[in-house]
2 protein chains.
Amino acid sequence: MIKTNDKDNFPVNIWLVEDNSSYRKSLASVINSTPGMISSNTFSTCERALKAMETEPFPDVILLDIGLPGMSGIKAIQKFKSYSYDIHIVILTIYDDNDSVFNALCEGASGYLLKDSTQDKIVDSIKEVLAGGAPLNMHIAQKVLQLFAKLNSKKVDYELTEREKEILQHLVSGLTKQQIADKLFLSFHTVNTHIKNIYKKLQVTTKAAVISKAYKENLFRPKE
Amino acid sequence: MIKTNDKDNFPVNIWLVEDNSSYRKSLASVINSTPGMISSNTFSTCERALKAMETEPFPDVILLDIGLPGMSGIKAIQKFKSYSYDIHIVILTIYDDNDSVFNALCEGASGYLLKDSTQDKIVDSIKEVLAGGAPLNMHIAQKVLQLFAKLNSKKVDYELTEREKEILQHLVSGLTKQQIADKLFLSFHTVNTHIKNIYKKLQVTTKAAVISKAYKENLFRPKE
DNA sequence: AAGGAAATCGCATGTTCGTGGTATTTTTCA
DNA sequence: TGAAAAATACCACGAACATGCGATTTCCTT
């Protein structure tokens, strides 16, 4: 169940980690003037914020600048989360760099906002996060979806036969030719022949390349 | 480059695929009363819509119900997209079923909206899609991020050294030991030793297993 | 200054792989 | 029913791999 602070008597506790002091201060004042929200701590670096995690009560939400000097915001995400998985982290960034977006979201950020968002929009996003949502800038949301689709797109059909697909499975899972032969009750030679044909169809020459290609292009369906 | 129809003289062409006729009609009237938008065709099944793709001009956006009788909306996504990759598909659904969400987004849906969204919200979403965004219901966005984080969580740290990570990269990309040695200006023996150590740390005994493990557990960062 | 971890290089041996062949028996489908 | 495709099986040889050992150098930390 998602925990919301709506009904608590305590206000939502928000930390800011942002090196630009004027932006930090203006954000803090906006938050502190919002009913039900308190910006109890603000920091200019991740290191200081992490230190405060040892002594201060945990925040509900951290607004985290990604482009910080010292420890990058991305590395910090895991560390904040290691204190409590319930801490929501919303990334603030100037530009929507693909890699940063991807990495931050992989590390468990709850949202991703561009800094040119209005302050109202940022406050709204905090509320959205607390309600179990994920505030995403429009274009970033699309990039996320594109990555999503790319991860699962089957581009090419190499016209493998059923038997070949089956053997590819075992190959990818790390079995040797002999082990595959044993598992499928075939002779080593038969497996060898099939693998030769697979190599031709996939245009590779080594086992390593087959496995790599199979993963990259989603040539098999994971069973778990 | 993202194509927008904003500056065209032609209105945005929107198809509806939805089996509830009253909902379909009310949606159509809202769209047709919106300046710059036309709902030229509406359908009660995917099959009929796909048939129309053969004869009618392609739509810019399709609002697609997922829970349709006959062909599921999810299967239809690929088919619509196969006509033109530029057709944006926005999913309409009553409930935010995890699997449906995941599958639809994997197939290339541009957005995902719950049917209890206001009609204004839906019109706004169409505009957002055309502007290169991805309208996502708040809770769905969070689920997407959760899946994202789960897919890329690095569970175990095998304590590989920098050099070992580097060699693992090349190993995974399909190079032989000798090729790695050449690329890093090392002797074959050095690479061999590193690989031995990698095997120990990852607890594997074959190249195939290393590659498999590396992909499964995201032991390396993709560079693109 | 000392200790340890990491990186480097070397050798030897048995195993597995990659690839060139050829050939027989199903299975499939027009 | 008859040809094509797929699956099965075999051999041989050089290349690449896995793994046992030992050794020196470089760099970091205390």
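Between the P atom of dC9(C) and the CZ atom of Phe185(B) lies a distance of 12 Å, rounded to the nearest Å. Between the CG atom of Asn197(A) and the P atom of dT8(D) there is a distance of 12 Å, given to the nearest Å. Separating the CD1 atom of Ile167(A) from the P atom of dA9(D) is a distance of 10 Å, rounded to the nearest angstrom. One interatomic measurement links the two molecules: CD1 of Ile180(A) to C1' of dA7(D), which rounds to 16 Å at whole-angstrom precision. Atom pair Glu164(B):CD and dA6(C):P shows a separation of 8 Å (rounding to whole Å applied). We find that CD1 of Ile211(B) is positioned 16 Å from P of dA16(D), with the value rounded to whole Å. Spacing between atom CG of Asp182(A) and atom P of dT8(D) amounts to 14 Å, rounded to whole angstrom units. The distance between atom CG of Leu186(A) and atom P of dA6(D), rounded to the nearest whole Å, is 17 Å.
Atom CG of residue Leu160(A) and atom CD of residue Glu162(A) lie 9.5 Å apart, to the nearest 0.5 angstrom. The distance from the CD1 atom of Ile211(A) to the OG1 atom of Thr206(A) is 8.5 Å, given to the nearest 0.5 Å.
Checking the phosphate oxygens (OP1, OP2) of dT8(D), no side-chain nitrogen or oxygen of His189(A) falls inside 4.0 Å. Here Ser187(A) reaches the OP1 or OP2 of dC10(D): one of its side-chain N or O atoms lies under 4.0 Å away. Contact annotation: Thr190(A) does not reach the phosphate of dT8(D) (side-chain N/O to OP1 or OP2, under 4.0 Å).
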(request) Could you encode protein contacts along nucleotides 25-30 of chain C as a string, one character per nucleotide from 5' to 3', using B for base contact, S for sugar-phosphate-only contact and - for no contact, with a heavy-atom cut-off of under 4.0 Å? (result) ------
(message) Using a 4.0 Å heavy-atom cut-off to protein, can you give one letter per nucleotide of nucleotides 17-23 of chain C, 5' to 3': B if the base is in contact, S if only the sugar-phosphate is, - if neither?
(response) SBBBB--
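The closest donor-acceptor contact from the side chain of Asp60(A) to the backbone of Asn13(A) lies under 3.5 Å. Ser212(B) places a side-chain N or O within 3.5 Å of a backbone atom of Val172(A) that can act as its donor or acceptor partner.
Axis angle, first five pairs versus last five pairs of the helix from dA1(C)-dT30(D) to dA30(C)-dT1(D): 60°, rounded to 10°.
A donor-acceptor pair shorter than 3.5 Å cannot be found between the side chains of Glu56(A) and Ser40(A).
Glu164(A) pairs with exactly one of Lys201(A), Lys200(A), Lys196(A) by the salt bridge (Lys or Arg N to Asp or Glu O under 4.0 Å) rule, that one being Lys201(A).
Partners of Phe43(A) by ring-ring contact (aromatic ring centres under 6.0 Å, His included), not counting sequence neighbours, listed by chain and number: Trp15(A). Residues satisfying the ring-ring contact (aromatic ring centres under 6.0 Å, His included) test with Phe188(B), not counting sequence neighbours, are none. Here Tyr158(B) pairs with nothing under the ring-ring contact (aromatic ring centres under 6.0 Å, His included) rule; sequence neighbours left out.
Within a 6.0 Å radius of NZ in Lys79(B), other residues, nucleotides and ligands contribute 12 heavy atoms or fewer.
When side chains are defined from C-beta on, Ile140(A) counts as touching Leu114(A), because their heavy atoms get closer than 4.5 Å.
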